[in-house]
Amino acid sequence: MNTYTFKDGSQKDLLNFSGTVPVKYGNSYNIPIHLWILDSHPFAPPICFLKPTVNMGILVGKHVDAHGRIYLPYLQNWSHPKSTVIGLIKEMIAKFEEELPLYSLSSSDAARQSELLSYIAKITEGETDMKSKSKIGGGKNKGCFNKITVVGAGDLGIACVLAVAAKGAADKVVLLDLSDGAAKGGTMDLEIFALPNVEISKDFSASADSKVVVLTVNSLGNAQTYLDVIQSNVDLFRGIIPAISHYSQNTVLVVASHPVEVMTYVSWKLSAFPKSRVIGVGANLDTERFQYILTNLLKAQALAKDAWIIGEQGEDKVSSWTSCNLVANQMEPMAACNSREKVANRAMEVLKGKGQRSWSVGLSVADLTDSILKDKRKVHSVSILAKGCCNINSEVFLSLPCILGTNGVIEMVKLEEDPLVQEKLQSSAGSIHDLQQQLKLIRIET
């Protein structure tokens, strides 16, 4: 175990090992290398460096930079369980036999190289003053630096990055691309048309100190049943959430993966974060649409401000109200309620025709992150732990109206009591809980 210093100056004790790999390049050479194993191994690849002696110089090329860091397709395309350290070393040997990474120095060059190697050793073993400099020079900025990481480089992930960047609330947006194979069209285009303050990475350490982490990944395996699909997502999250929570221990997790209620629960369990800092996108998009339809299409502005979509995503969502705003007729509350329900039903019919496309969800995510980063104390209908609400006794996440701030959920807004709504929420909670009980979470619910 030794201390490794990451690019941002943060440090971590990591398992590491060094040795030589045999390379034939005319003659036979033993190339010295140094591998660092991240906490998220085997889901994340090792960090690899050359470890030249004082009489060796680094040949900068397509697989090695000036500091001796090694870049290989095998590392770029790392995917557990098919990727292994043994496989990595085999490719390293093959690439080094195509392009030798080191050369012999003359005695005078060796002296200069000795100084360079000393500096590089300090970088890779955490002995530079990078961390202290960042604290001295950037202490004030660090406190107000708004960084967001989006995990997953599919259509939804890229839509979230573009929407968050357009919103302008974040100082930096990191897109964590965990996909197999070479960069797909979306991430390649983001690299080509470089956006300011947007970084693409495959290294979990790039997410360090994020104020908000948005999870958009969904497994694309060969699962046959709905339960198998969800279990594949759970297995995927088991390799992601611990690494994310390690690098950003005070972040707010915003879950957009499907099914959002279950995956928010999984994220909460795997992260061990307080319930206030784990939310799902839930019915935020549907609520914003519902209020827009009431205000602009049905001209019911007075009703819209207290109208919410709650429960679970999909066909089982339900409309509700946060106060008994019987504007239509204060003298006849029953008639006013009936009038309100008719308007709400018409709005729900319009809402059913609206799909949830990636860019729509991306805009909704940007809306949530904006409220969190700017501490707006705005009310959103998001997936939160519903235990204790509406006589729900199980640990399930459902969409309920909440005030969001810097640390996630500040408080839940009280809903108008409606036996029918409560019955629907309890039914959703029961079905979600039954589904969760069938998942394998390495028995984390101890």
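Here the structure is a predicted model, which is why all the values come from computation and not from measurement.
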Report yes if some heavy atom in the side chain of [X] is under 4.5 Å from a heavy atom in the side chain of [Y]; otherwise report no.
| X | Y | value |
| --- | --- | --- |
| Val318 | Leu420 | no |
| Leu285 | Asp367 | no |
| Tyr4 | Leu38 | no |
| Lys51 | Ile33 | no |
| Ile432 | Leu398 | yes |
| Leu439 | Leu227 | yes |
| Tyr74 | Pro45 | no |
| Ser276 | Asn407 | no |

Within the distance-only criterion (no hydrogens, no angle test), does the side chain of [X] pair as donor or acceptor with the backbone N or O of [Y] below 3.5 angstrom?
| X | Y | result |
| --- | --- | --- |
| Glu261 | Gln313 | yes |
| Gln422 | Glu417 | no |
| Gln291 | Ala307 | yes |
| Ser83 | Trp78 | no |
| Ser257 | Val217 | yes |
| Thr322 | Trp308 | no |
| His34 | Leu50 | no |
| Ser245 | Pro242 | yes |
| Thr3 | Asp13 | no |
| Gln436 | Glu395 | yes |

Nearest-0.5 Å distance that lies between atom [atom1] in [X] and atom [atom2] in [Y]:
| X | Y | atom1 | atom2 | answer |
| --- | --- | --- | --- | --- |
| Ser271 | Phe237 | OG | CZ | 11.0 Å |
| Thr406 | Ile372 | OG1 | CD1 | 9.0 Å |
| Asn2 | Gln11 | CG | CD | 12.0 Å |
| Ser428 | Ile392 | OG | CD1 | 8.0 Å |
| Phe193 | Glu191 | CZ | CD | 12.0 Å |
| Lys172 | Lys211 | NZ | NZ | 14.0 Å |

What side chain to side chain donor-acceptor pair (under 3.5 Å) pairs are there with at least one residue in residues 150-160, not counting sequence neighbours? none

Partner residues of Ser267 under the side chain to side chain donor-acceptor pair (under 3.5 Å) criterion, sequence neighbours left out: none

Please determine whether the number of non-hydrogen atoms from other residues, nucleotides or ligands lying under 6.0 Å from atom CG of Asp375 exceeds 12. yes

Flag yes if more than 12 heavy atoms outside Ile86 fall under 6.0 Å of its CD1 atom; otherwise flag no. no

Pair [X]-[Y], side-chain donor/acceptor within less than 3.5 Å:
| X | Y | value |
| --- | --- | --- |
| Asp203 | Ser205 | yes |
| Gln231 | Asp235 | yes |
| Asn233 | His258 | no |

For Lys424, salt bridge (Lys or Arg N to Asp or Glu O under 4.0 Å) partners two or more places apart: none

Partners of Asp316 by salt bridge (Lys or Arg N to Asp or Glu O under 4.0 Å), sequence neighbours excluded? none

Shortest non-hydrogen separation from [X] to [Y] and the atoms involved:
| X | Y | result |
| --- | --- | --- |
| Leu400 | Ile310 | CA-CG2, 4.3 Å |
| Ser248 | Ser207 | OG-O, 2.8 Å |
| Thr287 | Ile309 | OG1-N, 3.0 Å |
| Cys160 | Thr216 | SG-CG2, 4.0 Å |
| Gly280 | Val260 | CA-CG2, 3.9 Å |
| Ala169 | Lys374 | CB-CE, 3.9 Å |

side-chain contact (heavy atoms from CB on, under 4.5 Å) for Val396 and Tyr265? Distances and angles first, verdict last. CA-CA 7 Å; Val396 296; Tyr265 165 80; over 6 Å; no

Within the 6.0 Å centroid threshold, strictly below: Phe43 and His80: yes

Salt bridge present between Asp370 and Lys376 (N-O < 4.0 angstrom): yes

What pairs meet the salt bridge (charged side-chain N to carboxylate O under 4.0 Å, His left out) rule with one or both residues in residues 398-413, with sequence neighbours excluded? none

Which is it for Leu162 and Leu190 under the side-chain contact (heavy atoms from CB on, under 4.5 Å) test, yes or no, and what are the steps along the way? CA-CA 9 Å; Leu162 294 175; Leu190 281 179; 4.0 Å; yes

Option from Asp209, Thr251, Leu215, Val213 for which side chain to side chain contact (heavy atoms under 4.5 Å, CB included) with Thr149 holds: Val213

Where at least one partner belongs to residues 376-416, residue pairs that pass ring pair (Phe, Tyr, Trp, His ring centres under 6.0 Å), sequence neighbours excluded: Trp268-Phe397

